[in-house]
Amino acid sequence: MSRVYNFGAGPSTIPLEALEEAQRELVDYKGEGMSIMEASHRSKMYDDVHQEALSLVRELYKVPEDYDILFLQGGASTQFAMVPMNLSLGGKVEYADTGSWSSKAIKEAKILGLDTEIVASSKETSYDRIPSEISFSDDADYAYITSNNTIYGTQYKEYPSTNAPLVVDASSDIFSYPIDWNKVDLLFAGAQKNAGPSGVTIVIVKKELQDRVKENVPSMLRYKTHAEKDSLYNTPPTFGIYMLGLVLKWLKKQGGVEGIQKLNEAKAALLYDAIDNSDGFYVGHAQKDSRSLMNVSFNIKDKDADLESKLVALATENGMIGLKGHRSIGGLRASIYNAMSMEGVQALVDLMNKFAEENR
Ligand code: PMP
C-alpha cells in the first residue's frame, strides 16, 4: 500500500488507524451482518455509535454540561445563516472580518436584514493578520470570529473577551487545542479537516441561548429541535458520525486535544523555520504573530508562479499532494491538521530545502 502525504485543506488526511478500522468493519459491523451505514438510525446498533461519538466530543473537548453537542448537516456554511437565525434578538450583531469565511458569514447576516457591524478587519493587508484590537460591544446580540483562517493561514492565539455571546467558526482548527469555555458560547465546525469526512457539522451551543429563536424559524434550522432529540430529529449523517467517533478514539490515544496541540506546535515550527531560514526564497503570507498552526500559506520569492507550479509538481511526484494555494491568493499552502504526521512535514521540509538550493 502506498499512501500519499495529503496537505489538502479539506477534505483532508484522516488517521490511517481510523480508516483501517472502518475498512475492517465495513461490510460486517461487529458481527451484525451488515455495515453501520446500512443500519437504521433508530437501531441500538447505530445508537451506541452515536452516543459514543457524542460522549467522546464532550470528554476530549471538555464541554461543560450546560452546552449541547449537535451533529448537523449542510456544512459550516449553513451555520453562517443558522447562527443569526437562532441568536439574533433584533439588535446589532458584530463580526471580526479575518478572511473569506468571515466575509461569507457576514453576508448571510446581512441577507437576513440584521444590523451587522464589522468591528475589525484585516482586509486592507490581504488578511495577513488577526487585527490586534478587536473590541466587541457588550450589548451586541452576539460577537463572531473565525478562529483559524483556512485560506490566509492566520489564527487567533487567544479569543477576544466580550460580554456578548461569542460565536466561533472553528472549522479548520477544532480539536487542535483546548477551549476556554468561559469565553465561548457557540462553536461550530465542518468535520472534514480535523474530525473526519465531510457531511457532519459539529455545533456546540450553550443551552440558554437556544431559547432566543424566533417563531418563524423552520424546525430543521433551530438548534433546539436537534438538541431536544440528541441530533436524531431526522436521519443524521450516520456514517460520518461513525467516522468522527473513530477519529476521536485515535485522538484520545494521541493524548487528546492537549497531546495533539504539542505535536501541532512542533510540526508548524518545523515548517515555519524552513520558510524563515530560506534566505527569502520562501515568503510566509501571515504576519508572524498571527501564524496558523493548521494552514501554512506561503509564496516563492517574487510570487514566481512558474517556480511555485514546479514545486507543486515535484512534490506530487514525491507523494506529497494538495500544496497548491487557494485560488483567491495563489501561491502554496500546506495544511498540517491533526492527522498529518511529523514525518509528513519533515518530508515536505526536506523537499523545500532541496528545491530552494537548486532554484535560488
Ligand atoms: N469556515 C471555514 C473556516 C472553512 O475553512 C470552511 C471550508 N473550507 C467553511 C467555513 C465552509 O465549510 P463547508 O464547506 O463545510 O460549508
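Counting starts at 1 for both ligands and their atoms, following the listed order.
Remark: Lys104 is positioned above the aromatic ring of Trp101, its terminal NZ or CZ atom under 6.0 angstrom from the ring centre and at most 45 degrees off the axis.
Counting protein heavy atoms only, atom 16 (O) of ligand 1 is closest to Ser77 OG, 2.6 Å. What sits closest to atom 14 (O) of ligand 1 on the protein, heavy atoms only, is Gln192 NE2, 3.6 Å. Atom 5 (O) of ligand 1 has as its closest protein heavy atom Thr150 OG1, 2.5 Å. Of the protein's non-hydrogen atoms, Trp101 CE3, 3.5 Å is the one closest to atom 9 (C) of ligand 1. Closest to atom 1 (N) of ligand 1, if we only count protein heavy atoms, is Asp169 OD2, 2.6 Å.
Taking a 4.0 Å cut-off on heavy atoms, Lys104 fails to register as neighbouring ligand 1.
Between atom 13 (P) of ligand 1 and the options Ala76, Ser171, Pro11, the minimum heavy-atom separation is to Ala76.
Ionic pairing of Lys354 and Asp350 is not present here: no N-O contact between side-chain nitrogen and carboxylate oxygen is shorter than 4.0 angstrom.
Within ligand 1, the atoms closer than 4.0 Å to a non-hydrogen atom of Gly75 are 15 (O), 16 (O), numbered from 1 in the order shown. Close contacts of ligand 1 with Asn148, meaning ligand atoms under 4.0 Å from a residue heavy atom, involve 3 (C). The ligand atoms of ligand 1 that sit less than 4.0 angstrom from a heavy atom of Phe80 are 10 (C). Residue-ligand proximity, Lys193 to ligand 1, at heavy-atom distances under 4.0 Å covers atoms 5 (O), 7 (C), 8 (N).
Taking every heavy atom of both residues into account, Tyr177 and Ser147 meet most closely at OH-CB, 3.7 Å. Here the shortest heavy-atom pairing between Asn234 and His226 reads OD1-CE1, 4.4 Å.
A perpendicular orientation is assigned to the rings of Trp181 and Tyr67, their planes being inclined by more than 60° (bins at 30° and 60°).
Annotation: side chain of Gln79 is in contact with side chain of Met82 (closest heavy-atom distance under 4.5 Å).
In terms of N/O distances under 3.5 Å, ligand 1 is not approached by Thr146.
When atom types are taken as modelled, the side chain of Glu308 and the backbone of Asn299 share no donor-acceptor pair closer than 3.5 angstrom.
The local environment of CZ in Arg327 is sparse, with at most 12 non-hydrogen atoms from other residues, nucleotides or ligands closer than 6.0 Å.
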